[in-house]
Amino acid sequence: MTDVTTTQTRPAESRSAFRRSLRRFARNRLSVVGAVFIFLIMFSAIFAPWVAPYPEHAGVAVNFMDANRAPDAKYWLGTDSVGRDVFSRILFAFRNSLMLGACVVGIAVVAGTAIGMCAGYFGGRTEAILMRITDIFLAVPSLVLAMAVLGVAEPSQMLAMIAIALAWWPWHARLVYGIVISLRNEGYVVAARVLGASPLRIMLTELLPNCAPNLFTKASLDMGFVILMGASLSFLGMGAPPPTPDLGTMVAEGSLYLPDIWWLSLTSGLAIFVVVLGFNLIADGLRDVFDIVG
Amino acid sequence: MVGMLTKRLFSGIVVILGVSLFMFAIARVIPGDPARLALGPEASVEQVEQMRVQMGFDRPLAEQYMRFMGGALKLDFGRSLYTDQPVAADIAKTFPATLELVLYSSIALGLFGIAIGIVSAHYKDRWPDNTSRIASLVVIAMPNFVWALLFMLVFAYGLHLLPLTGRMSSSIPPPATITGLYTIDALLTGNWAAFRDAFAHILLPALALSLPGIAQVARLTRTNMVDSYDRPFVEFARAYGLSEFSVATKWALRPAIIPTLMIIGMQVVALLGNAFIVETIFMWPGMAKYGVNAMMRKDLNAMIAVVTFISIFFVIVNMLIDLIVSFIDPKIRLTRR
Amino acid sequence: MGALLEISDFDLTFRTLDGPVEVLKGLNITVGLSERVALVGESGSGKSVTARMIMGLLPRKRLKTRGKIMFDGVDMLHESESQSRMRRGRDITMIFQDPMASLNPVYTIRTQFSAVLRRTTGRNDSELASVMREALSNVSIADPDRVLDSYSFQLSGGLNQRVLIAMALAGSPRLLIADEPGTALDVTVQQQTLNVMDALTRSSGTAILFISHNLGVVRNFAHRVCVMYAGRIVEQASTEDLFATPRHPYTRALIASLPRIASPELPDAIEGSVPSLDEVPEGCPFAPRCRYVEPRCRIGQIPMNNRGSHSVACVRAEEIA
């Protein structure tokens with residue numbers, strides 16, 4: 001496991017530790033490929049309005065003359081049924097996906113870590129109740145849970161975020177809980193308690209750094225899978241409503257015209273694949289860097 | 001061991017109760033009017049009010065929950081807004097289809113996943129291993145529905161090898177209902193035509209459903225086997241000249257498979273979640289598709305029942321896995337906690 | 001008349017990701033019928049590698065060898081994998097350092113013992129039970145059936161070790177390789193283990209290649225001793241001769257470092273540490289730590305100086321004596 005003393009390294013040491021981690025990460029060629037993918041995707045997502053050839057197609061746009069064109073020089077990945085450029089829409093869809101991923105993972109990590117840590121540290125009744133609640137959320141497959149939340153109200157981007165976050169936090173809670181209970185009787189934790197440090201202080205300075213590597217790696221994996229889940233939900237029609245460009249919705253739209261008009265579904269499907277793969281590869285590399293077993 | 005099982009059962013019941021409570025709560029907590037959503041924007045105010053009464057929303061919350069629980073214990077989950085049938089009957093009708101799909105997928109998961117993992121570990125760092133590792137990465141990253149569409153494109157549209165949708169071709173009548181699982185029923189009644197047809201129909205959906213899970217299981221099995229191969233007791237087996245085959249399939253496998261089994265349990269439950277997508281694409285008339293429709297149409301009773309049912313399934317699967325694991329791992333069986 | 005095991009001028013190189021590493025150099029070990037030879041050295045001296053090489057447990061593809069290993073007149077280095085496997089567990093058996101870890105935690109002792117016996121003795125299943133019971137009582141296990149139906153984690157370390165010995169000797173092998181048996185156990189249990197090994201091998205005439213870093217144990221048990229350092233044999237002699245007149249500086253330092261209960265003085269430690277296998281200097285590997293070192297110690301390969309059956313790899317052997 002990680003050395004707790006990383007919280008006490010001097011600035012110069014931490015800089016070289018960072019460089020060492022970078023080198024370890026770079027040793028895994030696949031992870032570097034993943035990092036490149038994600039960097040490109042993030043870049044095009046942030047600068048979508050300038051990078052996309054037809055930024056106006058991201059919103060309400062009608063261009064029936066060019067509808068359903070196969071990929072060619074003018075529209076690199078073809079057009080959809082109302083003539084919008086698929087490539088541009090994918091770039092904007094990346095934006096939405098990345099934002100969804102970031103928000104959901106952010107909420108899940110914060111909420112899950114807080115709950116898992118409290119359950120692990122305080123033990124007793126708190127532990128029993130919190131972990132029981134976590135178990136309840138884990139009993140329903142994530143997709144079903146998210147769908148259930150979305151099923152009771154109007155689907156929207158915000159609601160999708162809340163729904164997926166609700167399905168995701170228990171995994172982080174369990175992860176942190178597992179780490180904390182293995183550490184709560186360690187010498188330095190008991191010592192801190194005896195010295196009179198407040199629980200919050202102990203959690204932040206002693207326990208959190210030990211959870212950080214696992215959390216980081218898992219968060220990176222999560223980004224990919226949350227985006228995947230978001231796409232699944234919007235594929236079923238529970239995501240952001242049209243005309244917002246969304247990868248899952250685009251696959252669904254395209255699927256109606258299979259097999260003749262294949263480009264819409266295939267390219268948006270591949271776009272999802274590339275994002276998820278990129279994050280998974282980064283997570284693999286992070287696992288090597290932090291030397292996590294299992 | 002009986003003690004452990006009853007403990008599991010008890011916490012399982014708590015979980016199921018919790019899930020139903022949660023489902024019950026969110027319908028009333030999330031902003032938006034379920035009655036209005038169910039009826040649509042064109043319905044009049046009186047109709048919406050009527051619907052609210054029918055849904056029982058006018059009663060105090062506690063009473064609503066009591067009525068719900070009372071009904072649930074009698075297996076009465078109310079009527080579906082859409083089919084106007086008792087929800088329990090709907091679920092009973094559609095569950096066998098989903099069960100059959102999940103069954104085939106689970107078998108594929110276990111068989112292929114573990115086999116690939118063993119081979120991968122045995123040929124560590126050589127081409128079978130490298131190929132399967134890259135393939136796993138690709139498979140996991142691709143969403144279920146894209147795989148499903150790809151399979152449809154290739155096998156059904158392209159090669160015309162396998163049928164596109166549904167459980168059976170319309171020309172062949174389904175076999176007599178014994179279990180509700182068409183392939184099993186067909187086998188039990190010796191109805192070969194029906195079996196072949198039903199089997200052909202279930203291949204693509206089961207494959208699309210299980211593929212990411214197979215990759216996960218293969219990856220994990222590989223890791224556990226590689227760990228196991230490094231252990232002293234494997235060296236011991238080799239020192240006594242036991243064949244590599246025996247080492248791979250018995251000596252190193254059994255200790256390695258325990259963590260794998262727990263993951264398989266989780267994967268089977270996740271299958272149920274992904275079934276929602278696969279059933280929709282392949283028009284498979286199962287409980288998951290019923291659930292998707294319920295969610296699209298805001299059919300509250302059906303939704304709550306489906307999710308509660310899934311949590312029951314979760315508890316059962318976990319208990320089964322616990323049973324199997326304690327059978328294989330003597331440490332768990334023999335040490336009292 | 002050949003010896004049972006004959007290792008002559010044996011070099012072993014591992015092909016690793018960081019390049020080739022020479023692990024063993026110029027090894028010369030012989031074990032005669034029913035003889036007990038001890039292989040002594042610190043951790044990292046190459047003793048365990050030697051043992052596994054003899055057993056054929058090292059991955060062949062990563063090895064480069066030179067020299068010969070003959071067992072009963074058969075060239076072990078050039079035979080097929082299946083021939084090597086035939087011999088394992090039948091003519092040569094091995095017991096390992098950590099007895100509990102050597103046994104599979106998810107199978108009963110009975111299952112594992114049966115699997116081993118089926119291979120090594122070819123008896124049918126009905127006879128196996130009685131063979132196992134007899135084997136276990138031969139290692140002073142009072143309740144063989146209870147032990148057979150247990151799992152390794154339910155038995156104590158000493159019990160596990162005796163089970164391993166029973167398994168190793170049940171088929172009356174010609175050679176037993178014992179890799180630091182009893183190191184993981186406390187001292188009294190260790191002695192018990194050795195007594196059991198002693199009794200059994202005497203009756204079956206099994207030769208023993210005994211690996212240890214504990215000179216005291218070796219003294220009472222072995223006929224001959226080979227002292228290893230950094231992958232080479234630095235001294236070889238009968239036990240009596242070795243302890244009476246140790247000739248190599250390393251051996252002397254080892255013996256001097258043995259604590260003596262009657263003496264009020266603390267034993268001398270050996271300065272420095274064992275070189276890692278990829279950093280072995282040219283010439284005598286012990287040169288950096290030796291108090292008799294001279295410039296000629298660091299050049300070329302040190303030849304063996306033989307006085308009867310007592311060999312030393314030291315150029316100053318005659319002078320230091």
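Residue numbers start from 1 in every chain, and the chains themselves are labelled A, B, ... in the order their sequence lines are given, proteins ahead of strands.
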Spell out, as yes or no, whether a donor-acceptor pair under 3.5 Å connects the side chain of Arg119(C) to the backbone of Gly241(B).
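Yes, because the side chain of Arg119(C) sits within donor-acceptor range (under 3.5 Å) of the backbone of Gly241(B).
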
Can you tell me if Arg238(B) uses its side chain to pair, donor with acceptor, with the backbone of Leu57(C) under 3.5 Å?
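Side chain of Arg238(B) to backbone of Leu57(C): no pair is present.
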
Within the supplied structure, the quantity of interest is the number of heavy atoms (other residues, nucleotides, ligands) at a distance under 6.0 Å from [X] [atom1]; does it exceed 12?
X	atom1	result
Arg62(C)	CZ	no
Arg90(C)	CZ	yes
Tyr229(B)	OH	yes

Could you tell me which non-hydrogen atom of Tyr107(C) sits nearest to which non-hydrogen atom of Lys250(B), and how far apart they are?
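The answer is OH-O, 3.4 Å.
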
Do you know which two heavy atoms are closest between Phe96(C) and Phe236(B), and how far apart they sit?
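In terms of heavy atoms, the two residues are closest at CE1-CA, 3.9 Å.
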
Relative to chain C, which segment of Ser246(B) carries a heavy atom at a distance below 4.5 Å: side chain, backbone, both, or neither?
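No part of it gets close to chain C.
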
Side chain, backbone, both or neither: which part of [X] has a heavy atom under 4.5 Å from chain B?
X	result
Arg52(C)	side chain
Leu164(C)	both
Val116(C)	side chain

Can you tell me which of Ser102(C), Ser152(C), Ala168(C), Gly89(C) forms the most heavy-atom pairs within a distance under 4.5 Å of chain B?
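With the most close heavy-atom pairs to chain B, the winner is Ser102(C).
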
Tell me, out of Met55(C), Met167(C), Met94(C), who's got the most heavy-atom pairs with chain B below 4.5 Å.
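Option with the top pair count is Met167(C).
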
Heavy-atom distance under 4.5 Å between the side chains of [X] and [Y], does that happen here?
X	Y	answer
Tyr240(B)	Arg88(C)	no
Phe233(B)	Gln112(C)	no
Ile258(B)	Val106(C)	yes
Pro232(B)	Asp98(C)	no

So how far is it from Arg254(B) CZ to Thr111(C) OG1, rounded to the nearest 0.5 Å?
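Answer for the CZ-OG1 pair, Arg254(B) versus Thr111(C), is 8.0 Å.
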
